[in-house]
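First listed ligand is number 1; within each ligand, the first listed atom is number 1. All values below were derived from every heavy atom in this structure, side-chain atoms included, with hydrogens, water molecules and symmetry-related copies excluded. Note that the structure is a prediction, hence the values are computed from the model and not measured.
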Amino acid sequence: MTKLALFDGSPVRTKPFPAYKPIGEEEVAAAKAVVESGVLSAYLGAWHDDFYGGPQVRAFEADWAKAYQAKHAISVNSCTSGLYASVGAAGVGPGDEVIVSPYTMSASATAAIVFNGVPVFADIDPQTYCLDPKSIQARITERTKAIIVVHIFGQSADMDPIMELADQHDLTVIEDCAQAPCATYKGRPVGTLGHLGVFSLNYHKHIHSGEGGMITTNDDGLADRCQLIRNHGEAVVEAKGTKNLVNMIGFNFRLGEIEAAIGQAQLKKAPDLVSQRQNNVAYLENKLSGLPGLGMPKAQEKSAHAYYVHALDYDPSVTGVVRETIVAALRAELPVSEMREREGTLVSGGYVKPLYLQPMYRELVGYGTVSCPFTCPHYGGTVDYSEGICPEAEAAHNTTLISHELMRPPMTETDLDDVANAFHKVFENLDDLKNAKAVP
Ligand SMILES: *Cc1c(COP(=O)(O)O)cnc(C)c1O
């Protein structure tokens, strides 16, 4: 048995893993052409043909709609702004509740608050880490207006029962697809399984334009409202003849022409980039299977996982070693990745703290000093953001889940072997880790 790097043995590998860099010549050419044209954005915040943006924005939207089999694709300058526009388009307002997963990036829930809605957190299914339909059902009240489903880590939530609930209770379903481009659910692409889907094009996502986002919908009315919220709706409704003024408080969520040109090139690369991740995960899982206490994500039937994160289930009661110790030992064996050196080795325990444990929810301070929207007089309910409301999300974060991002292209089989060897080495030394009380 070789000594763990954590205890001053030699690590499995020190040479950095290759950088994930989906940007190449195509993107350089696309960006250059826009810069040379001088038209870096053609939007007008008034009722005019250019209300819908310039040529690159429109071409990008047309390509995206085709790729995702959506009637409408509406570009925005981030997934966050796309979520805000979607919640606004759904008509959420003071007094409304929005059911959302707590196990996600903060914007998924903040989107409700922006329109004075109150986020109600439902628990996750520990198999997929996505919202559990049974928990959603238990949280529905007469105040519920919408559900924000997050396809976390790149795997679709179980959408059929969620859409059934939405139909029964007349709720709008927004899919946060930031981590799930090219993911499918029972053969259908995510993004149009609900009423609105929102994607991210930020630097850390599978494909990116630096910053950016895209909304997909098959509903003409929702598309129209998203476009108004994106581009100064309040100033446009009169000339456009829009009668429903609800939430027509406009923003500037417009994507630039450079980003839209880069986005078109990126969109073409997405299927291949995602399938490389799927192949790498299959290769890794084959090598990791059988390690004690370690479980692989369970693929839903006929559904494709996009693997933004390769989330492994870990049960410390099987090994007798706490998750943090396993993670520290793995990190000691493995190198950083190029371009992301400052983040350290891309293996971690848990994901984000369940959102209701953040200060905004703990202290109920949103708008101003009067606890709006949490105790807004228009809100007839009472919020419950106490620890313990979503035990599965808390367990996933605190004890069970190991997440890592070492399956991104261009990782080769040799690189992946190093990852697998590090896991094997750590799991062969569980006794040493058990005895090391002070780790990490
Ligand atoms: C990245 C991410 C977002 C936000 O995306 P931006 O484009 O950075 O605004 C929202 N939700 C989830 C689940 C994400 O991973």
Side-chain angles (χ1 to χ4, degrees), residues 20 22 60 64 73-88 98-114 119 121-122 124 128-131 146-157 159 173-183 190-191 193-194 196-216 226 229-230 251-256 259-260 262-263 266-267 270 274 277 297 305-311 340 343 346 348 350-356 358 393 396-397 401 403-405 408:
Y20 180 66
F60 185 28
W64 195 286
I74 301 141
S75 61
V76 278
N77 52 16
S78 69
C79 175
T80 300
S81 52
L83 289 165
Y84 292 5
S86 297
V87 169
V98 177
I99 295 175
V100 60
S101 172
Y103 203 52
T104 177
M105 191 259 168
S106 64
S108 313
T110 314
I113 296 174
V114 167
F121 295 101
I124 58 169
T128 61
Y129 310 107
C130 297
L131 276 180
I147 306 172
I148 300 176
V149 178
V150 185
H151 304 312
I152 200 75
F153 304 147
Q155 182 170 32
S156 171
M159 290 301 289
V173 175
I174 299 165
E175 302 172 69
D176 180 338
C177 308
Q179 303 188 1
C182 304
V190 300
L193 305 165
L196 294 140
V198 191
F199 295 82
S200 174
L201 294 161
N202 91 23
Y203 174 62
H204 295 283
K205 298 298 174 6
H206 299 68
I207 57 169
H208 75 91
S209 53
E211 304 285 352
M214 191 67 84
I215 305 169
T216 46
C226 283
I229 293 169
R230 166 175 75 177
F251 293 85
N252 176 348
F253 290 159
R254 307 177 313 203
L255 188 69
E259 289 80 2
I262 291 171
Q266 286 280 283
L267 179 63
V274 172
R277 287 182 190 235
H305 195 314
Y307 296 111
Y308 180 63
V309 168
H310 185 206
R340 285 182 69 176
E343 293 171 48
L346 299 177
S348 61
Y351 176 58
V352 291
K353 197 155 78 168
L355 295 181
Y356 52 85
Q358 289 184 345
H397 181 60
L401 175 98
S403 62
H404 68 90
E405 296 175 59
R408 301 169 312 169

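- Taking the six-membered ring for Trp and thresholds of 30 and 60 degrees, Phe251 and Phe253 have nearly parallel ring planes, at less than 30 degrees apart.
- Checked options Gln179, His151, Gln155; the residue passing with Tyr308 is Gln179 (criterion: side chain to side chain contact (heavy atoms under 4.5 Å, CB included)).
- The side chain to side chain contact (heavy atoms under 4.5 Å, CB included) with Tyr84 is formed by just one residue from the set Thr110, Ile113, Ile229; it is Thr110.
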Ligand-protein N/O pairs under 3.5 Å (ligand 1):
residue, atom, partner, partner atom, Å
ligand 1, 5 (O), Ser200, OG, 3.4
ligand 1, 7 (O), Cys79, N, 2.8
ligand 1, 7 (O), Ser200, OG, 2.7
ligand 1, 8 (O), Asn202, ND2, 2.8
ligand 1, 9 (O), Cys79, N, 3.3
ligand 1, 9 (O), Thr80, N, 2.8
ligand 1, 9 (O), Thr80, OG1, 2.5
ligand 1, 11 (N), Asp176, OD1, 3.3
ligand 1, 11 (N), Asp176, OD2, 2.7
ligand 1, 15 (O), Gln179, NE2, 2.9
ligand 1, 15 (O), Lys205, NZ, 3.2

Are Cys79 and Asp176 close enough, and set up right, to give a side chain to side chain contact (heavy atoms under 4.5 Å, CB included), and what steps lead you there? CA-CA 8 Å; Cys79 175; Asp176 180 338; 4.0 Å; yes
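- Aromatic ring pairs are classed by plane angle as parallel below 30°, tilted from 30° to 60° and perpendicular above 60°; the pair Tyr307 and His305 is parallel.
- Relative orientation of the Tyr356 and Phe121 rings is tilted, given thresholds of 30° and 60° on the angle between their planes.
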